[in-house]
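These values consider heavy atoms only, across backbone and side chains, with no hydrogens, waters or symmetry-generated copies. Just so it is clear: chains get the letters A, B, ... in the order the sequence lines come, proteins before strands, and each one is counted from 1.
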Amino acid sequence: MYDLVIRNARVVDGTGAPAFAGEVAVKDGRIAALGPKVEGQARAEMDAGGKAVAPGFIDPHTHFDVQLLWDGAAKPSLEHGVTSIIPGNCSLSMAPLRAGDRPAVIGMFQQIEELPPEAFTLAFDWTWEDWEGYRRALEKGLAINVAPLVGHSVIRVWVMGPEANQRAARPDEIAAMQGVLRQCLEAGAIGLSTSFVDVDENARPVPSRFAQFAELDALCAVLGEFGRMLQIVPEFYDADITIARIDQLAELSLKHGIPTTYSPVFDNRQTPASVDRILNRSAEQFARGARVWPQMQTRPIDISFSLLRPSLFFARLPRWVRVLRQPLEARIASLTDPETVARMVEDAGPDGGERLMGRLVVRGGGEAPAHLAGKTLKEIADARGQSCALALIEVSLEHGLDVAFLSANGGHDNTDRIGPLLARPDVHIGAGDGGAHLASFATYGDTGYLFSEFVRGTGALTLEQAVAKITGETAAIWGLKDRGLLKPGHAADIVVFDPDRIARGEERPVFDMPGDGMRYTRDSVGVEAVLVNGELAWTPAGYTDAKAGRICEMAG
Amino acid sequence: MTLTVQRRFVTPEPDETLEALAARALPGVALDEAMDRIRGWNLHIFAMRKPRGLLLGGDVVFVEPPLS
């Protein structure tokens with residue numbers, strides 16, 4: 001007897017094959033049978049009402065490392081149909097990490113992910129140092145499946161301590177890092193992440209950026225023992241540097257027999273030739289036998305911020321970051337101090353911030369007057385006879401700092417071009433950053449956006465292609481065992497959704513982080529049920545009590 | 001499969017200075033001129049980075065101008 005049969009389904013199995021009207025049976029957490037008609041009894045039945053029944057979506061680029069310790073569903077990812085996530089990207093993870101080194105890594109998480117400091121002190125009991133301990137802490141309450149990467153910066157800190165972001169490693173230290181990485185992989189890490197762009201809370205490059213190529217090569221030799229993934233963040237703002245990184249990845253992939261991936265890849269009007277150059281270089285390297293997967297996200301990056309809290313928008317302006325990271329009273333004191341403000345304006349560039357900030361649009365905010373909404377900062381600054389940077393500060397001060405500005409269309413800025421790029425067989429859909437940049441934009445709902453914009457909208461992908469891209473193909477690229485397909489024997493990670501409705505909801509702020517910390521989120525639209533390892537985890541009525549998530553096993 | 005020609009680059013050696021890197025990468029060029037060229041071809045290190053010019057072990061350092 002089956003545990004569950006889903007009937008009246010439009011089965012989209014994750015292979016890219018045509019959908020068919022049929023049924024899917026589940027037993028013991030796995031797909032037991034599927035086809036036009038499944039014979040046999042079941043303890044429970046679900047009528048899909050003719051909606052799509054597909055493998056649960058897999059999000060390959062997230063930063064839920066910390067949130068998972070108090071929220072095993074990685075909300076709201078699960079309600080968008082995501083049943084497996086890959087955290088630990090961009091050189092950062094929560095292990096291995098000695099207690100004495102926590103402040104340094106917390107600083108990096110706060111800078112890169114915009115997590116409130118209370119996230120590290122109020123929400124979980126930090127008992128572990130090594131990977132095995134972190135894994136045990138994670139496993140206590142997972143509702144979603146997790147395939148975690150271990151971060152290169154963190155491994156460096158473990159071996160080199162405070163000198164991790166000061167210098168190159170000695171040969172003995174590189175050997176020690178290899179040993180640590182091997183232990184992490186044996187304890188459940190699925191690969192290694194590194195970064196060539198990120199900075200810490202003091203705007204200093206993160207430790208991984210101090211590594212020589214020989215160090216990365218040595219770590220990839222360990223990845224080769226397991227056939228595991230290397231993920232990098234390249235200098236995505238420059239095509240020449242990104243191509244150089246692709247060539248480095250190809251060398252490592254061929255030498256050690258490992259898959260590699262780089263993220264993000266953007267397409268915008270300012271550098272229209274870049275994306276083709278980058279993807280063509282990856283294609284050349286694929287033709288040589290290297291595995292160098294470009295990760296491209298589906299949505300543009302629309303950053304919203306106010307001066308009430310630090311934002312990714314100011315990442316390259318250390319003076320602004322230092323001021324905005326202060327407690328509110330001290331922050332306002334700094335923003336009213338002429339000397340400090342002069343330095344901040346200077347920091348914004350010789351044009352007073354016009355290039356960087358002029359196109360910002362006032363989005364609103366609790367205290368913002370209606371007449372400002374929709375105006376650009378340049379328009380406001382011109383009317384006030386001020387530089388853009390000074391106008392931003394003064395308008396914010398005049399309204400209790402609660403004026404929200406929107407920096408629209410970062411990353412992608414041309415939807416018509418994105419669909420065909422996402423449809424390329426050598427492009428990996430991902431780079432969504434779930435769980436990161438909390439106070440700047442919502443990193444959820446990219447899967448819904450894929451269907452609304454590029455399946456129903458531009459028609460660049462069929463329903464079956466889009467599903468395969470974020471399920472079966474993702475599992476294959478990463479080597480996730482028995483996930484990503486509706487296939488007998490595979491894990492029963494299933495999403496039921498309405499292909500005519502699935503989308504992302506409107507971005508909205510919520511205060512559900514520890515210490516009433518704020519983040520932007522999006523509700524799901526058109527998702528009707530989500531099962532994780534055969535258990536119903538979410539319906540539009542809300543989350544269930546199921547805690548069926550697992551640390552993912554790897555194939556091979 | 002032949003790879004198309006892309007911009008040549010080097011990566012810094014441990015504790016390598018700009019002077020040493022320029023001498024290594026452009027051996028036939030006068031040192032001051034070599035350093036100026038390296039600076040001009042690598043604005044991601046010598047203009048955009050704070051502190052400017054901090055060489056990191058993981059850096060890509062171009063040793064020729066952008067290809068046309």
Looking at A:Q212 and B:P12, would you say the former's side chain and the latter's main chain have a donor-acceptor pair under 3.5 Å? yes

Within a radius of less than 6.0 Å around CG of A:D172, do more than 12 heavy atoms belonging to other residues, nucleotides or ligands occur? yes

Looking at A:A203, A:A214, A:P205, which has the largest count of heavy-atom pairs under 4.5 Å with chain B? A:P205

More than 12 heavy atoms from other groups under 6.0 Å of CZ on A:R355: no

Supply the atom-to-atom distance A:I243 CD1 to B:F9 CZ, rounded to the nearest 0.5 angstrom. 11.0 Å

Could you tell me the separation between the CZ atom of B:R49 and the CZ atom of A:R209, rounded to the nearest 0.5 Å? 5.0 Å

Below 4.5 Å, heavy atoms only, C-beta onward: do B:L3 and A:R281 meet side chain to side chain? yes

Heavy-atom distances under 4.5 Å only: say whether B:T4 touches chain A with side chain, backbone, both or neither. both

Got a second to check how far A:D240's CG is from B:E64's CD, nearest 0.5 Å? 9.0 Å

Most chain B-contacting option - heavy-atom pairs closer than 4.5 Å, from A:R245, A:Q248, A:R277, A:E215: A:R245

Output for pair (B:L56 CG, A:R167 CZ), nearest 0.5 Å, gives 14.5 Å

Whatever's closer than 4.5 Å to a heavy atom in chain A on B:P51 counts as neither

Part of A:F196 lying under 4.5 Å from any heavy atom of chain B: side chain

Quick check on A:R319: does its CZ atom have over 12 non-hydrogen neighbours (other residues, nucleotides or ligands) under 6.0 Å away? yes

Would you say that A:D238 contacts B:H44 through its side chain, given a criterion of any heavy-atom pair below 4.5 Å between the two side chains? no

A:A211 versus chain B, the contacting section by heavy-atom distance below 4.5 Å: backbone

Between atom CG of B:D59 and atom CZ of A:F213, what is the distance when rounded to the nearest 0.5 Å? 14.0 Å

Side chain, backbone, both or neither: which part of B:R8 has a heavy atom under 4.5 Å from chain A? neither

